[in-house]
Amino acid sequence: MGPDAIHIDANTRLIALLGYPVGQTLSPFIHNTAFAAQSINFAFAAFPVPPERIGDGVRGLAALHFAGAGVTIPHKQAVLPYLDELSPRAHAVGASNMIVRRPDGTLFGDNTDVTGFLAPLLFLADRLRGADMAVLGAGGAARAVAYALLVTFRPKRLALIARTPSKADMLAKDLTAFDEHEALEVHAFSSARAAVRGARLVVNTTPAGMYPSVDDSPWNDADDFGDDHIVYDIVYNPEETRLLSDAASRGAVTIGGLDMLVEQAAAAYVQWTGHEMPVDVVKEALRRRSEMLHR
Ligand code: NAP
């Protein structure tokens, strides 16, 4: 199952996904659906690149005239030394999830997880500016999320809640330059209840609740949520995680990870192709795919 009408010929511009493993990624489906819908001569394929070969993988993009690459776990930080230039946000986050090969062969890295994450929040900006917020997790995605929240909404308090607090300490330290109001604080899950209860926005960046562990949740007490909360789970499979159904049952506004997934891809797509991604076509195709798989 997949997008139809991808034609590959001598002029096709190729885009790679660099990850390890890559068997579960939706990126080829997303981008090839969009290329087919717009009849543009691009093709996207996933490449499993083991960590010790990531330098070869990135240099290969330039040598083989790829239009660029998406970058996923575990390479988002490891690619940085091989890039010629970084966007300010990729530099700030310390990770790149996409690479553009420029016509002169140089490689430019950006972090479109930042824009993708923010896209579904922008219409809530009035409620979020200067508010208290909490982020669950301190891995790669949390870096983009915490940076995006700090620079966009200037929260009064931004609690980083982590299973391994030393990772959250490191993240807080790395983001100090963007934390004008000293909003960042670090908690273990066991001491984070007040921060979660008092937050206007709670974002899950851990994989807890992701398929197949759909009964898991990164925050087990639904009573900590209420109708003042906005709860955003960046996990996109399933579209409604247990965290979101718990939060919705207590009146919270909920946001799933599918929009972020498509919007981070769209922000990369326009840089590779010069075309705006047809996001509604892509979202509909993802929904149909998911329905077929879970039937
Ligand atoms: P990562 O770098 O491996 O970080 C995962 C973080 O979650 C770490 O802080 C880890 O803690 C913590 N964690 C893992 N399991 C946990 C649990 N059961 N309870 C509490 N904390 C737990 O992964 P990532 O790249 O940040 O990705 C995280 C999730 O975000 C994945 O599900 C991914 O699919 C999703 N994501 C979605 C999008 C999107 O576009 N919607 C984009 C990026 C990522 P330790 O450090 O202690 O292990």
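Residue numbers count from 1 along this sequence. Just follow the structure's listing: the first ligand is 1, and inside any ligand the first atom is 1.
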Discussion item. Taking the six-membered ring for Trp, are Tyr232 and Phe117 closer than 6.0 Å centroid to centroid?
Written reply: yes
For ligand 1, run through the N/O pairs with the protein that fall under 3.5 Å and put one pair on each line.
{"residue": "ligand 1", "atom": "2 (O)", "partner": "Gly140", "partner atom": "N", "Å": "2.9"}
{"residue": "ligand 1", "atom": "9 (O)", "partner": "Ala138", "partner atom": "N", "Å": "2.9"}
{"residue": "ligand 1", "atom": "9 (O)", "partner": "Gly139", "partner atom": "N", "Å": "3.3"}
{"residue": "ligand 1", "atom": "15 (N)", "partner": "Arg163", "partner atom": "NH1", "Å": "3.4"}
{"residue": "ligand 1", "atom": "26 (O)", "partner": "Gly140", "partner atom": "N", "Å": "3.2"}
{"residue": "ligand 1", "atom": "26 (O)", "partner": "Ala141", "partner atom": "N", "Å": "2.7"}
{"residue": "ligand 1", "atom": "40 (O)", "partner": "Leu261", "partner atom": "N", "Å": "3.3"}
{"residue": "ligand 1", "atom": "41 (N)", "partner": "Ile234", "partner atom": "O", "Å": "2.8"}
{"residue": "ligand 1", "atom": "41 (N)", "partner": "Gly257", "partner atom": "O", "Å": "3.1"}
{"residue": "ligand 1", "atom": "46 (O)", "partner": "Lys167", "partner atom": "NZ", "Å": "2.6"}
{"residue": "ligand 1", "atom": "47 (O)", "partner": "Arg163", "partner atom": "NE", "Å": "3.1"}
{"residue": "ligand 1", "atom": "47 (O)", "partner": "Thr164", "partner atom": "OG1", "Å": "2.4"}
{"residue": "ligand 1", "atom": "48 (O)", "partner": "Arg163", "partner atom": "NH2", "Å": "2.8"}

Worksheet entry | Sub-4.5 Å side-chain heavy-atom contact between His229 and Val202 | yes
Fill in: Pairs involving residues 253-262, ordered by first then second residue, that meet salt bridge (Lys or Arg N to Asp or Glu O under 4.0 Å) (sequence neighbours left out)
Asp259-Lys283
Item to complete: Could you name each residue pair satisfying ring-ring contact (aromatic ring centres under 6.0 Å, His included) that touches residues 148-207, not counting sequence neighbours?
Response: Tyr147-Phe178
Discussion item. If the threshold is 4.0 Å, N to carboxylate O, is there a salt bridge linking Asp110 and Arg89?
Written reply: yes
Worksheet item: Under the ring-ring contact (aromatic ring centres under 6.0 Å, His included) rule, what pairs show up with a residue in residues 58-105, not counting sequence neighbours?
Response: none
